[in-house]
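Input: a single structure, listed below in structure tokens.
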Number of protein chains: 2
Amino acid sequence: MRIMTLQPASGALVDQIVARLEQAILTGELAQGQKLSEQTLSDRFGVSRGPLREAIRTLEGRQLLERTPFSGVRVVQLSLDDLEQLLTTREALEGMASRQAAENMTLHETRQLRVRLAAFEDSYRREGVDGVFRVRSAGDDLHTLIVRGSRNRWLIDIICNELYPLLQICRFQSTAVTLRTRQRIEVVHREHEAIIVAIERRDADAAEAAMRAHLVASRTILMAQLRGEPPATAVAGA
Amino acid sequence: MRIMTLQPASGALVDQIVARLEQAILTGELAQGQKLSEQTLSDRFGVSRGPLREAIRTLEGRQLLERTPFSGVRVVQLSLDDLEQLLTTREALEGMASRQAAENMTLHETRQLRVRLAAFEDSYRREGVDGVFRVRSAGDDLHTLIVRGSRNRWLIDIICNELYPLLQICRFQSTAVTLRTRQRIEVVHREHEAIIVAIERRDADAAEAAMRAHLVASRTILMAQLRGEPPATAVAGA
DNA sequence: ATATAAGATATTGTTGACAATCTCGCTTAT
DNA sequence: ATAAGCGAGATTGTCAACAATATCTTATAT
């Protein structure tokens, strides 16, 4: 029997590097726009430059790193406009995911949505967590549950592996956003419930519309806050 | 002055390999599900395994290759369900792109749409090309023009660099789909015009709805044909 | 003093060799 | 005769050295 090593030893060394690098970027340990030298990183992770370069290529494909030939790689730097476009893209994708979830989720899965909603209500009654940039590492929050319920491998991949990491990055450039009044939190709760109701009724149109309305409202309010404008009675047109 | 080399020598060797590998996959030269050995590929392209492996990692990120550790890489194999999910994801993304195109396109760009529509009409009057899987290598067809007009870097990237290549692959597993009656072609033309009209009027809702209707109709008819069912008076609900 | 150009240095790009792992064919025992 | 176990071959994973390119420093000329 072999002694259990500390690191999970998930087969290829490259995958470990990808995970650790992504973690470092998502936690803000590596700041946005920071230039990374291969030598430094390979020393830091204790591996050669070969696997490291493959890991960089992988993260580059997920838009977390940007490379300029013969110059080096930098952590992606997201502007306010980038964030807005990201949230708009999310509306399209999660809207469709919600539609397909209404069509394809099992009865058991829809019950899990109710469980999640209750847990969410408990947690924000206690701590008032921020909704948009919520850490999805657990992979069982409401939005992720709905996305996976779509049974659409492309939607699941794009949303969970590309969009969510990019949104997570933005969380660390705007930590001051966590104000989120109790009022808004209760609105979010109602919006979440509207989505679940639509999915339970297998009403695809309503499910997409409800998700879109929820995300449009969140984006509008968030961008207004970030840009320092008054919220101006945010309209939630689907 | 240096003698011009045959290959464009676009900086990094890896990028050339990526382009050539992608080309080989998209043209069907490398069949779906085919197993690829690194040694064979590196011999074929006349490069070492280092850059080749980086290229493989890049294509893997675009879902064109699938890797199983210590076993090798295979060209992605797309089922009929995969294609349907792909087309559904496309509806979400291009629908939103059309919406943002209505909001952000310049006047000059909207005129280009008209030019493209006329050119498209000419070409299908002569050859009757298939619409869904049209080769987008030129990068100036109607759909690409609209997507770029959205000014949304994430939409543009996902649609052009991920979705379109995957759709292109499907083209070679279903060459028998090129029937496409003249009747359908004229309907497509009207749908295209409806999209352009909405964009010209800066009507975002209408632009998204028109694009969605167009793509839903195309998907419905295509899948019905591929699955051998009768088209059954395809409804085009937005 | 400033701007330009040439060289030194550091970093990225590439290569071939070495180690770890899997696959397939062969032997052997029931 | 068939199945399990072993070993040879092939393939993937990793590493350290070499070549190409960019960046920074320094010297020189205006």
Side-chain angles (χ1 to χ4, degrees), chain A residues 1-22 24-25 30-31 33-61 63-77, chain B residues 1-22 24-25 30-31 33-61 63-77:
Chain A
M1 180 190 246
R2 205 183 62 182
I3 305 289
M4 194 79 76
T5 52
L6 278 182
Q7 37 196 357
S10 62
L13 183 53
V14 186
D15 296 328
Q16 298 178 31
I17 305 174
V18 169
R20 292 178 64 181
L21 243 181
E22 181 174 8
I25 296 173
L30 296 175
Q34 180 174 339
K35 186 173 182 301
L36 306 177
S37 94
E38 298 181 357
Q39 192 62 48
T40 305
L41 288 177
S42 61
D43 290 347
R44 173 175 185 166
F45 293 127
V47 296
S48 182
R49 278 179 51 214
L52 179 74
R53 281 176 66 88
E54 294 185 34
I56 289 177
R57 276 286 197 283
T58 300
L59 275 311
E60 203 182 341
Q63 315 290 335
L64 294 183
L65 296 178
E66 288 175 342
R67 147 176 265 129
T68 45
F70 290 100
S71 168
V73 292
R74 310 181 78 86
V75 179
V76 67
Q77 181 134 17
Chain B
M1 177 189 251
R2 206 183 63 181
I3 305 291
M4 192 80 76
T5 53
L6 279 182
Q7 36 195 2
S10 61
L13 185 51
V14 186
D15 296 329
Q16 298 178 32
I17 305 175
V18 169
R20 291 178 65 181
L21 243 182
E22 181 174 9
I25 296 173
L30 296 174
Q34 181 175 337
K35 187 174 183 300
L36 306 176
S37 95
E38 297 180 357
Q39 192 62 49
T40 305
L41 287 177
S42 61
D43 291 346
R44 175 176 184 166
F45 293 127
V47 297
S48 183
R49 278 180 51 216
L52 179 74
R53 282 175 64 89
E54 293 186 34
I56 289 176
R57 272 297 199 292
T58 299
L59 275 312
E60 203 182 341
Q63 314 289 337
L64 294 184
L65 296 178
E66 287 174 344
R67 147 176 266 131
T68 45
F70 288 101
S71 168
V73 293
R74 312 180 76 87
V75 179
V76 66
Q77 182 135 20

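First the proteins, then the strands, lettered A, B, ... as listed; each starts at 1.
Taking only side-chain atoms of A/R53, from C-beta outward, the nucleotide of D/dG13, C/dG16, C/dG13 with the closest atom is C/dG13. Closest contact between the side chain of A/S71 and the listed nucleotides C/dT14, D/dC15, D/dT23 involves D/dT23. Minimum atom distance to the side chain of A/V47 is reached by D/dC15, of the listed C/dG13, C/dT14, D/dC15. In the set C/dG13, D/dC15, C/dT14, the nucleotide with an atom closest to the side chain of A/R49 is C/dG13. Closest approach to the A/P51 side chain among D/dC15, C/dT15, C/dT14 is made by D/dC15 (side chain taken as heavy atoms from C-beta onward).
Regarding B/L13, its CG atom lies at a distance of 18 Å from the P atom of C/dT12, rounded to whole Å. Distance CZ (A/F70) to P (D/dT21): 6 Å, rounded to an integer number of Å. Rounded to a whole Å, the CG atom of B/D15 is 16 Å from the P atom of C/dT12. Across the protein-nucleic acid pair, B/L52 atom CG and C/dG13 atom P stand 16 Å apart, rounded to whole Å. In this structure, B/I17 atom CD1 and C/dT14 atom P are separated by 7 Å, rounded to whole Å.
Here the rule is side-chain contact (heavy atoms from CB on, under 4.5 Å) with B/L52, and of B/I17, B/L36, B/D43 only B/I17 fits it.
Scanning both residues, A/A55 and A/V14, for their nearest heavy atoms gives N-CG1, 3.8 Å. Contact record, B/V75 with B/A31: CB-O, 3.4 Å, taken as the closest heavy-atom pair. Between B/T58 and A/R57, the closest heavy-atom pair is OG1-CD, 3.3 Å.
Of all the residues in residues 34-44 of chain A, A/L36, A/S37, A/E38 reach under 4.0 Å from DNA chain C with at least one non-hydrogen atom.
No side-chain heavy atom of B/E60 sits less than 4.5 Å from a side-chain heavy atom of B/V73.
Residue B/G50 is in base contact, counting any heavy-atom pair closer than 4.0 Å across all strands shown.
A/R44 is linked by a salt bridge (Lys or Arg N to Asp or Glu O under 4.0 Å) to A/E29, counting only residues two or more places apart in sequence or in another chain.
Listed pair A/R67 / C/dG13 meets the phosphate criterion, a side-chain N or O lying under 4.0 Å from OP1 or OP2.
Looking only at distances, a side-chain donor or acceptor of B/R74 sits under 3.5 Å from a matching main-chain atom of B/G33.
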